[in-house]
Participant: 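Below you will find the structure I want to go over with you.
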Amino acid sequence: MESRRDFLKTSAIATIGVAIPASLLSQKKTGQSKKSKAKNNYPIVVSTWNHGVPANKAAWEVLSTGGYALDAVEQGVHVPEADPEVSSVGYGGFPDRDGHVTLDACIIDEKGNCGSVAFLENIMHPISVARMVLEKTPHVMLVGDGAYKFAREHGFPKEDLLTKNAKEAWAKWILENKYKPIDFNNHDTIGMLAIDSKGQMCGACTTSGLAWKIHGRVGDSPIIGAGLYVDNEVGGATATGKGESVIKIAGSFLIVELMRQGMSPKEACKTAVERIIRKQPDYKDFQVGFIAMTMQGEYGYYSLQKGFEVAVHDKDGSKLLSSEYASK
Ligand code: ASP
């Protein structure tokens, strides 16, 4: 039976009296940009910022040996989550203004199944808890004490994530800033998209969020469609930067839908950044960066301010790329 969607598609084509070649229709479905003649480029992994380089390397070990994209993104982002030197993700993350390291993370598989945790404390690998929410519960999102209890019940150890360095930075901040404005430069989530050798895309996003945030604040990173979105009919997108601004435009979902309409990954990221500029008058005061990738492994990125970097690992090796940006 013809679905309503198919009916609308055929009748629209009939109305305008134009024969659209089947190749163009299928191209739209997979999100490949109209201009692009890109061949499949996978396996591949892309991620945000320079901590994406070692993270991609761990993901690539999975991808290059024929492994599953979901394992690749989970194992990839474990690297910054466990690295005490990375002050914006997991262990070593800067705390909120009350001195608590609270973590947000989400993961999406190739079928669109999602798992997410937010406002989670004392667990080193929130991404793995998010994966457990995806695999072991009928829900998408667990937060706070409930997420912690769930993690402990599933064997995650309780760990103190506040390192000496982070504690010192927090103590200094209290003295100097007296709970005044949030420093929007002090944040760098890892968002990661990977396509495995079977052509399946999965994504992960994990962060300790904005340093010195109000206790209880949740950013874009664990919000499906804001910090991360993956739809294997089209591709995926992930975000970093001021989460509030990304949530307001449903950033990653917006980008995937723009690619569905035929935009290239870069055009889609740029359009999302331009929407922030149009709607958020204080855009000069913060950073937002997006990465997007089609199911063919064509990727693009764009940011609001100078300084955003994107790590890529594919069969040609690893590279770190500087993003074009909008705000001059
Ligand atoms: N997007 C994250 C948040 O708002 C911050 C970041 O990218 O560093 O929580």
Side-chain angles (χ1 to χ4, degrees), residues 46-52 55 77 79-81 83 85-97 100-108 116-121 126-127 130 141 143-144 147 161 166 169 173 181-193 203-229 236-255 269 272-273 276 280 282-283 285-292 301-311 323 325:
V46 296
S47 61
T48 53
W49 304 109
N50 60 357
H51 52 219
V77 303
V79 176
E81 279 185 340
D83 186 345
E85 301 300 319
V86 178
S87 61
S88 50
V89 183
Y91 178 54
F94 282 175
D96 64 20
R97 54 186 56 188
H100 298 268
V101 180
T102 72
L103 307 176
D104 298 339
C106 76
I107 193 160
I108 306 182
S116 165
V117 289
F119 191 44
L120 173 64
E121 288 185 58
I127 202 66
M141 190 165 194
V143 306
L161 304 179
W173 176 81
I182 291 167
D183 176 0
F184 282 123
N185 294 319
N186 210 347
H187 54 86
D188 290 329
T189 298
I190 182 147
M192 180 179 276
L193 302 167
C205 189
T206 174
T207 191
S208 52
L210 301 181
W212 335 132
K213 61 195 173 186
I214 294 174
H215 188 60
R217 181 262 188 191
V218 170
D220 60 316
S221 307
I223 309 293
I224 306 302
L228 181 71
Y229 197 65
T238 189
T240 180
K242 187 185 155 198
E244 286 74 3
S245 294
V246 177
I247 293 171
K248 284 179 193 169
I249 63 155
S252 295
F253 180 75
L254 171 65
I255 289 168
C269 292
V273 166
I276 290 175
Q280 300 179 27
D282 60 339
Y283 71 88
D285 300 337
F286 58 86
Q287 173 68 300
V288 169
F290 293 111
I291 309 182
Y301 42 91
Y302 202 78
S303 63
L304 188 48
Q305 315 290 347
K306 191 174 176 186
F308 179 45
E309 290 176 319
V310 174
S323 179
Y325 55 96

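One-based numbering, in listed order, for ligands and for the atoms of each. Note that this is a predicted model, so its numbers are computed, not measured. Positions are given from 1 along the sequence.
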Participant: If we set the cut-off at 4.0 Å for heavy atoms, which region of Arg217 has an atom near ligand 1: side chain, backbone, both, or neither?
Facilitator: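 Contact part for Arg217 vs ligand 1: side chain (C-beta onward).
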Participant: Please identify which of these residues, Asp188, Thr48, Thr189, meets the side-chain hydrogen bond (donor to acceptor under 3.5 Å, both in side chains) condition with Thr207.
Facilitator: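 Answer after filtering Asp188, Thr48, Thr189: Thr189.
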Participant: What about Lys242: any of its N or O atoms under 3.5 Å from an N or O on ligand 1?
Facilitator: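 No; every N/O pair is 3.5 Å or more apart.
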Participant: Based purely on interatomic distance, does Gly243 place a nitrogen or oxygen under 3.5 Å from a nitrogen or oxygen of ligand 1?
Facilitator: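 Between Gly243 and ligand 1 (N or O atoms, distance only) the closest approach is under 3.5 Å.
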Participant: Would you call the rings of Phe94 and Trp212 parallel, tilted or perpendicular, where under 30° means parallel and over 60° means perpendicular?
Facilitator: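 The rings of Phe94 and Trp212 lie parallel, inter-plane angle below 30°.
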Participant: Using a 3.5 Å distance criterion without hydrogens, assess whether the side chain of Ser116 forms a donor-acceptor pair with backbone atoms of Pro222.
Facilitator: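 Side chain of Ser116 to backbone of Pro222, a donor-acceptor pair under 3.5 Å: yes, one is there.
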Participant: In terms of side-chain geometry, is the basic nitrogen of Lys248 or Asp220 positioned less than 4.0 Å from the acidic oxygen of its partner?
Facilitator: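 Looking at Lys248 and Asp220, the cut-off is not met.
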Participant: If you measure only the distance, is there a donor-acceptor pair under 3.5 Å linking the side chains of Thr102 and Glu121?
Facilitator: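 Absent: no donor and acceptor within the cut-off.
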Participant: Counting from 1, what ligand 1 atoms have a heavy atom of Thr240 closer than 4.0 Å?
Facilitator: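 The list of qualifying atoms is 6 (C), 7 (O).
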Participant: Is it true that a side-chain atom of Ser252 and a backbone atom of Gly225 form a donor plus acceptor pair closer than 3.5 Å?
Facilitator: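 Judged by distance alone, no pair lies under 3.5 Å.
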Participant: Within the structure, does Asp188 bring an N/O atom to less than 3.5 angstrom of an N/O atom in ligand 1?
Facilitator: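 The answer is yes, given that Asp188 and ligand 1 share an N or O pair closer than 3.5 Å.
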Participant: What part of Ser221 sits under 4.0 Å from ligand 1 if we count only heavy atoms: the side chain, the backbone, both or neither?
Facilitator: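 Looking at Ser221 and ligand 1, just side chain atoms fall under 4.0 Å.
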Participant: Within ligand 1, which atoms have a heavy atom of Asp220 less than 4.0 Å away?
Facilitator: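 In order of number, 1 (N), 2 (C), 3 (C), 4 (O).
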Participant: Backbone N or O of Ser245 within a donor-acceptor pair of the Gln280 side chain at under 3.5 Å?
Facilitator: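 At least one qualifying donor-acceptor pair exists.
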Participant: Under 3.5 Å between any N/O of Gly241 and any N/O of ligand 1: does that happen in this structure?
Facilitator: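 It does: an N or O of Gly241 is found under 3.5 Å from an N or O of ligand 1.
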Participant: Please determine whether any non-hydrogen atom of Glu244 lies less than 4.0 Å from an atom of ligand 1.
Facilitator: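 In this structure, Glu244 fails to qualify as a contact of ligand 1 - no heavy atom is under 4.0 Å.
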Participant: Please confirm whether Asp104 comes within less than 3.5 Å of ligand 1 when only nitrogen or oxygen atoms on both sides are compared.
Facilitator: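 Not met; the criterion fails.
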